[in-house]
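Got a structure for you, questions after.
Every chain is numbered from 1, with letters handed out A, B, ... down the list of sequences. These values consider heavy atoms only, across backbone and side chains, with no hydrogens, waters or symmetry-generated copies.
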Amino acid sequence: MKNLERVQQIMQNFDRELFRQNLIQWFRNEQRVLPWRENQDPYRVWVSEIMLQQTRVDTVIPYFNNFLTKFPTLEALAEADEQEVLKAWEGLGYYSRARNLQNAVREVVEEYQGVVPSEPEEIAKLKGVGPYTKGAILSIAYDKPIPAVDGNVMRVLSRILHVEEDIAKASTKKLFEELITELISHEDPSSFNQGLMELGALVCTPKSPSCLLCPIQEQCRAFEQGIEEELPVKSSKKKQKKAPYMLLLIQNEQGEVLIEQRPSSGLLASLWQYPMLPLGDVDRESAPHWFYGEYGLKIELKETKQTIKHVFSHLIWEMEVVTAEIIGGELDHERARFVTLDERNDYPFPVSHQKAHKYINS
DNA sequence: CACGCGTGGTC
DNA sequence: TGACCAAGCGT
């Protein structure tokens, strides 16, 4: 069935105006006080929407406040060093968000005179601004009636309208965008879009939704049939693969520790870490030889500390923490350097390697 | 379309 | 405790 046809089918006998009124009224009364809701500044809205991607509100709040203190304006962020931006993002995850945001902000400063574009075609070109973020910024900062379909919206609408399509599929997200286009309030698109998300966060939750408190209960097809817990339908993702490593803690005579910068693309791009060798490719016996080849330093393994387990969204690192002593050679590596423990604090480290900090003798 | 891309909370 | 998640995007 074509989407348009499916949209008509779903929307049949659904009172859109009643839905809009109840949703918007509820949002105006019940919305949480959040730092990015102080005003409609497009820059603040933008930063908040990027931080909120796949990330909880409670986690974002302190990062948002710190980020806006360090980079209060588009211009301030455009002029900052990338490493400084990554440091402000440290611990928040999905670090390409930070680098894309800064790239896009620089583009806005250079190409749009520092004004976040209000046209869908223009804002959509910016790095890191996808269909959801486009709709969120345009509706919240510029009051434009554009859909902003995220996981909350799909869950809420799949229940209210009884949609059984798999929300893990891109085609289903498009279906919801078309549904929202029919549903969205042109009087207050900001409260409408935010209301759907707020409802998903506070009432229409993934587990044990509070249907008795829901302003849309009378119109909810899933509640009517008692199947709210069965929706949305979402195909499961496969589990993470394990990757074993040896993490090396190496200090020179001055007590400085060896760290290196990760490549500028891929996992944890441009962040810093302790040298890490892939076990399996290399075993414990040949580790010093491998290390000499890679870094130009002759080392001797000393003490084996604990194994750090770190779970990513798609893989699991199991890092055996080992201290080593330098017995010769000279550091010869593009992206590695010795730093004092004080200096180390200025470098953005992924949480996986922050877990190794405590094994350094200070 | 499917996958790579982080982290911390929850049950 | 492992699985599942929480305001997605780029490729």
Side-chain angles (χ1 to χ4, degrees), chain A residues 27 31-32 34-37 45-64 86 89-101 103-104 123-137 139-140 147-157 165-174 176-177 180 190 193-202 204-208 229 232 234-243 262-271 273 309-317 348-355:
Chain A
F27 178 71
Q31 66 171 298
R32 292 166 289 181
L34 296 170
W36 45 89
R37 287 181 175 163
V45 173
W46 186 3
V47 170
S48 73
E49 289 302 337
I50 300 298
M51 285 189 171
L52 285 163
Q53 288 170 9
Q54 301 288 285
T55 311
R56 287 186 157 73
V57 166
D58 288 344
T59 303
V60 167
I61 290 172
Y63 280 92
F64 178 84
L86 286 173
W89 211 271
E90 183 184 62
L92 197 51
Y94 287 140
Y95 299 95
S96 66
R97 290 183 296 175
R99 302 185 312 134
N100 287 339
L101 173 61
N103 288 341
I123 200 167
K125 287 184 198 157
L126 299 171
K127 264 284 164 47
V129 178
Y132 163 75
T133 306
K134 173 183 74 174
I137 296 174
S139 62
I140 298 170
V149 175
D150 69 343
N152 280 316
V153 172
M154 289 195 283
R155 181 175 61 258
V156 169
L157 284 188
E165 278 85 343
D166 181 358
I167 65 166
K169 301 204 157 166
S171 57
T172 304
K173 188 172 163 184
K174 282 201 162 173
F176 280 111
E177 282 170 354
I180 296 288
S190 173
N193 278 343
Q194 292 191 77
L196 276 178
M197 293 187 277
E198 196 80 341
L199 192 62
L202 300 181
C204 196
T205 48
K207 291 165 191 168
S208 310
E229 296 260 30
K234 186 178 183 181
S235 57
S236 60
K237 43 192 167 187
K238 54 185 182 182
K239 70 174 195 178
Q240 306 98 329
K241 290 197 91 168
K242 287 181 181 173
R262 294 180 59 82
S264 58
S265 65
L267 181 64
L268 305 170
S270 299
L271 272 70
Q273 66 179 19
K309 179 180 174 180
H310 189 82
V311 179
F312 294 92
S313 50
H314 59 301
L315 63 95
I316 300 173
W317 277 358
F349 273 70
V351 170
S352 52
H353 280 247
Q354 290 176 33
K355 292 176 181 172

Can you tell me which stems DNA chain B forms when a stem means 3 or more consecutive Watson-Crick or G-U pairs under 3.5 Å?
B:2-5 with C:8-11, B:7-11 with C:2-6
Pick the P atom in C:dA6 and in B:dC5, then give their distance to the nearest Å.
23 Å
Going by distance alone, is a donor N or O of one side chain under 3.5 Å from an acceptor N or O of the other, for A:Arg97 and A:Thr55?
yes
Residue whose nearest DNA chain C nucleotide is more 5′ - A:Leu52 or A:Ala124:
A:Leu52
Look at the side chain of A:Thr55 and the base of B:dG6, then say whether one donor and one acceptor between them are separated by less than 3.5 Å.
yes
Separation of atom CD1 in A:Ile167 from atom C1' in C:dC5, rounded to whole Å
11 Å
Enumerate all atom pairs, one protein N or O and one N or O from nucleotides 8-11 of chain B, separated by less than 3.5 Å.
unit_1 : atom_1 : unit_2  : atom_2 : d
B:dG8  : N2     : A:Arg56 : NH1    : 2.5

Side-chain donor-acceptor contacts of residues 126-134 of chain A below 3.5 Å, not counting sequence neighbours, with atom names and distances?
unit_1   : atom_1 : unit_2  : atom_2 : d
A:Tyr132 : OH     : A:Glu49 : OE1    : 2.6
A:Thr133 : OG1    : A:Gln53 : NE2    : 3.0

Listed partners of A:Arg56 passing salt bridge (charged side-chain N to carboxylate O under 4.0 Å, His left out), at least two apart
none
For A:Glu229, what residues pass the salt bridge (charged side-chain N to carboxylate O under 4.0 Å, His left out) criterion, not counting sequence neighbours?
none
Report the residue (A:Lys169 or A:Tyr94) whose heavy-atom-nearest nucleotide on DNA chain B is the more 5′ of the two.
A:Lys169
How close or far is atom P of B:dC5 from atom CD of A:Gln240, stated in whole angstroms?
13 Å
B:dG6 and C:dT1, which share atom name P, separated by this distance in whole Å
26 Å
Could you tell me how far C:dC9 sits from B:dG8 if I compare only their P atoms? Round to whole Å.
22 Å
Quick check on DNA chain B: between A:Ser313 and A:Ser171, whose nearest nucleotide comes earlier from the 5' end?
A:Ser171
Which part of the nucleic acid, if any, lies within contact of A:Thr133, taking any heavy atom under 4.0 Å across all strands shown: a base, the sugar-phosphate backbone alone, or nothing?
sugar-phosphate
Would you please name every residue forming a salt bridge (charged side-chain N to carboxylate O under 4.0 Å, His left out) with A:Glu177, sequence neighbours left out?
none
Using side-chain contact (heavy atoms from CB on, under 4.5 Å) as the criterion, list what pairs up with A:Lys125, not counting sequence neighbours.
none
Take A:Thr205 and A:Lys127, find for each the nucleotide of DNA chain C with the closest heavy atom, and name the residue whose nucleotide sits nearer the 5' end.
A:Thr205
With A:Phe349 via ring-ring contact (aromatic ring centres under 6.0 Å, His included) - residues at least two apart:
A:Tyr274, A:His357
Do A:Trp89 and A:Tyr63 have ring centroids that are under 6.0 Å from one another?
no
Counterpart residues, side-chain contact (heavy atoms from CB on, under 4.5 Å), relative to A:Lys169 (two or more places apart):
A:Asp166, A:Ser171, A:Thr172
